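Since we're looking at a predicted model, the values are computed, not measured. Just so you know, these numbers use all the heavy atoms, side chains as well, and skip hydrogens, waters and symmetry mates.
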Amino acid sequence: MNLQFSTKMANLRKGLQYTQDQVAQFVGVSKAAVSKWEKGLSYPDIALLPKLATFFSTTIDDLLGYEPQMTLDQIRKTYARLANDFNTKPYQEVEEEINRLIEEYYSCNPFIFQMAVLLGNYSNISANPTETMHRVLKICDRIKNSSEDYQYVYKANMLGAQIYLMLQQPEEVLRIVGEKVEIYYGSEMLMASAYTLLSKPDEAMETLQISQYQHVIGLFSSATETLHLHLDKPALFEETVRRLHTMIELFNLSKLNVNCALVFYFKAASGYMLLQNEEKALEMLHYYGRACAEIEFPIALHGDDYFYRIERWITATLDLGNMAPRDDASIKRDLIATIVEQPLFQSLHDRKEFKAIVMNLEHHLR
C-alpha cells in the first residue's frame with residue numbers, strides 16, 4: 001500500500017458523505033484506526049480490504065490506487081522513454097524494465113502490444129536477436145489469447161507475421177495472413193457520401209483524404225516491393241523506378257513519409273547494382289542522401305498542404321501517434337550504416353560520388 005490508499009479512501013468517504021464512525025462500525029474497527037488510515041499513519045489489515053471495497057462500492061484495486069491500465073498518452077510517453085533508453089543504457093537493463101512493466105500492466109493489451117513492437121524494433125541490438133523475436137511472438141500469442149478487442153488481435157497477428165518474416169519463416173507468415181488477396185470494397189467512400197448527405201463536408205473531406213493518403217502509401221510500398229521481382233525484366237524494373245520516383249515528386253513523399261522514399265531509393269540502388277549499372281545506383285543513392293538531409297528531427301508523421309486533413313487521424317488512430325518507432329540517434333546511425341554496410345555497394349566505396357554521399361550524410365546526421 002502507499003499514500004494513494006489514504007487519499008483514495010478519504011476522498012471516497014467524503015464523496016459519499018460517510019463519517020469515519022460509519023466506516024469503523026461497518027468494518028469492525030475503531031474510529032481512531034480509520035483516522036490513521038486516512039492520514040497514512042497506518043494501514044488496514046489485508047483481510048479488511050474486501051469489506052472496505054464493498055462499503056465504498058468499488059474494487060480493491062481502485063481502493064489501493066492500483067492502475068492495471070495505461071492511458072494512450074502514458075503508453076506513448078513510456079514507449080518514447082524506453083526507446084531512448086536503448087540508446088543510452090545497456091540492452092539487458094532496458095529489457096528487464098520492459099519485462100517488469102509487462103507483468104505490472106499484464107491486462108493492458110494496448111501497452112503490452114507496444115512493448116512487443118518496441119522489442120521487435122530493437123531486436124537487432126540484443127545479444128540474441130532470434131531469442132528476442134521469439135519473445136515478441138509469445139507476447140503476441142498472449143494478446144490473442146486474452147484480448148476481446150478484435151483490433152488488437154489483428155495487430156498482434158500482423159506483428160507476428162512481420163516477426164516470422166524476419167525469422168525467415170515464410171510458411172508461418174502465410175499461415176497468419178492467408179494466401180488469397182481479399183477484395184477491397186472501399187467503405188470509406190460510402191462514409192464520405194453519407195457525411196455529405198448529412199451536410200458534414202469537413203468530415204467527408206477528412207475521410208477521403210485519409211483514404212487517399214493510405215492508398216498512396218500502400219501503392220507506393222507495394223510497388224517498391226516489386227522492384228527485385230523485376231530484375232529479370234530490366235525494362236520493367238526501369239519503368240517501375242521511373243513511376244515511383246515520379247510519385248515521390250508528385251506527392252512530396254520525401255516530406256510526407258520519408259521512410260517510404262528511403263526504402264525505395266535503397267532498393268532501387270541495390271537493384272541497379274545487381275543489374276551492374278553503377279551510374280544509376282549512384283543516382284538513386286544521391287536521392288537517398290538528399291532525402292536524409294531534408295529530415296527534420298525528431299521525425300514525426302504529418303500531413304502537408306495537399307493532405308491537410310489527416311493530422312488528427314494520425315494522432316488519434318496510430319498507436320504511437322505521429323512519433324517515430326525508434327529513437328533519433330538509432331535512426332541516424334542506421335541511415336548511414338544502411339548504405340555503408342550494404343555488401344552490394346562495396347565496389348562503390350572508392351568512387352568519389354559515393355564518398356561525397358557518405359560525407360554529406362555524416363554531416364547532416366551526426
Side-chain angles (χ1 to χ4, degrees), residues 83-91 94 118-130 132-133 162-163 165-168 220-221 223-231 237-238 240-241 244-245 248 253-255 257-300 323-366:
N84 283 318
D85 285 347
F86 271 127
N87 187 53
T88 59
K89 297 179 181 179
Y91 180 92
V94 184
L118 182 63
L119 288 170
N121 283 333
Y122 286 90
S123 61
N124 63 310
I125 65 171
S126 69
N128 190 329
T130 299
T132 300
M133 285 187 275
Q162 292 173 24
I163 295 299
L165 200 59
M166 294 167 65
L167 291 169
Q168 301 289 298
F220 188 88
S221 299
T224 297
E225 288 301 307
T226 69
L227 284 173
H228 282 203
L229 298 176
H230 290 326
L231 289 173
F237 176 89
E238 286 273 4
T240 304
V241 170
L244 290 177
H245 184 60
I248 289 176
L253 288 182
S254 290
K255 293 284 189 180
N257 194 315
V258 68
N259 184 63
C260 284
L262 293 175
V263 170
F264 160 68
Y265 288 131
F266 172 77
K267 291 194 173 185
S270 300
Y272 277 124
M273 290 302 294
L274 291 169
L275 291 171
Q276 300 182 346
N277 190 336
E278 289 191 353
E279 301 309 315
K280 283 288 189 178
L282 284 168
E283 181 183 351
M284 293 296 105
L285 290 176
H286 166 74
Y287 286 122
Y288 176 95
R290 192 172 73 176
C292 288
E294 294 177 354
I295 295 174
E296 296 180 2
F297 290 92
I299 294 178
M323 72 181 195
R326 294 194 301 144
D327 67 284
D328 290 346
S330 295
I331 292 171
K332 290 177 180 180
R333 282 197 303 269
D334 284 353
L335 288 174
I336 298 172
T338 292
I339 64 169
V340 172
E341 298 177 7
Q342 168 57 255
L344 284 173
F345 303 151
Q346 187 65 40
S347 63
L348 300 176
H349 283 203
D350 292 330
R351 296 279 300 262
K352 63 181 181 181
E353 300 97 323
F354 186 83
K355 289 180 179 179
I357 291 169
V358 174
M359 183 176 68
N360 286 333
L361 280 175
E362 291 175 342
H363 171 72
H364 288 291
L365 299 176
R366 288 182 175 170

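Remark: Phe237 CZ to Leu274 CG distance equals 8.0 Å, nearest 0.5 Å. The distance from the CZ atom of Phe354 to the NE2 atom of His349 is 4.0 Å, given to the nearest 0.5 Å. Separation of atoms CD1 (Ile125) and OG (Ser330) is listed at 6.0 Å; rounding is to 0.5 Å. Atom-to-atom distance recorded for Met284:CE and Asn277:CG is 10.0 Å, nearest 0.5 angstrom.
Under the rule for a side chain to side chain contact (heavy atoms under 4.5 Å, CB included), the partners of Pro298 that lie at least two apart in sequence or sit in another chain are Asp328. Listed by chain and number, the residues in a salt bridge (Lys or Arg N to Asp or Glu O under 4.0 Å) with Lys332 amount to none (sequence neighbours excluded). Among residues two or more places apart in sequence or in another chain, the side chain to side chain contact (heavy atoms under 4.5 Å, CB included) test is passed with Leu165 by Val173. The side chain to side chain contact (heavy atoms under 4.5 Å, CB included) check on Asn257 picks up Tyr213, Ile217, Asn259, Cys260, Leu301, with sequence neighbours excluded. By the side chain to side chain contact (heavy atoms under 4.5 Å, CB included) test, Asp350 pairs with no residue at all, sequence neighbours left out. For the salt bridge (Lys or Arg N to Asp or Glu O under 4.0 Å) test, no residue two or more places apart in sequence or in another chain qualifies with Asp327. Residues meeting the salt bridge (Lys or Arg N to Asp or Glu O under 4.0 Å) test with Arg351, sequence neighbours left out: Glu278, Glu279, Glu353. Legend: residues meeting salt bridge (Lys or Arg N to Asp or Glu O under 4.0 Å) with Lys89, ordered by chain and number and at least two apart, are Asp85. Remark: Phe297 engages no residue in a ring pair (Phe, Tyr, Trp, His ring centres under 6.0 Å) (not counting sequence neighbours).
The heavy-atom pair separating Asn87 from Arg333 by the smallest distance is OD1-NH1, 2.8 Å.
Using a 4.5 Å cut-off on side-chain heavy atoms (C-beta onward), Leu285 and Leu348 make contact. With a 4.5 Å cut-off on side-chain heavy atoms, Leu262 and Thr338 do not count as touching. Contact of the Ser123 side chain with the Met166 side chain is registered, since non-hydrogen atoms from C-beta on lie closer than 4.5 Å. Taking 4.5 Å as the limit, every side-chain heavy atom of Leu275 sits out of range of all side-chain heavy atoms of Lys280. Looking at heavy atoms from C-beta onward, Arg326 lies in side-chain contact with Asp334 at the 4.5 angstrom threshold.
A side chain to side chain donor-acceptor pair (under 3.5 Å) check over residues 284-295, counting only residues at least two apart or in different chains, returns nothing.
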Could you list the donor-acceptor pairs under 3.5 angstrom formed by side chains in residues 265-272, with sequence neighbours left out?
residue, atom, partner, partner atom, Å
Tyr265, OH, His245, ND1, 3.2
Lys267, NZ, Glu225, OE1, 3.3
Lys267, NZ, Glu225, OE2, 2.5
Ser270, OG, Phe266, O, 2.9
Tyr272, OH, Glu238, OE1, 2.9

Side chains of residues 356-366: which donor-acceptor pairs under 3.5 Å do they make with residues two or more places apart or in other chains?
residue, atom, partner, partner atom, Å
Asn360, ND2, Ala356, O, 3.2

Self-check item: Residue pair Phe264, Phe220: steps toward the ring-ring contact (aromatic ring centres under 6.0 Å, His included) verdict
Solution: CA-CA 9 Å; Phe264 160 68; Phe220 188 88; 5.8 Å; yes

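Under a 3.5 Å cut-off, the side chain of Ser126 and the backbone N or O of Tyr122 do not form any donor-acceptor pair.
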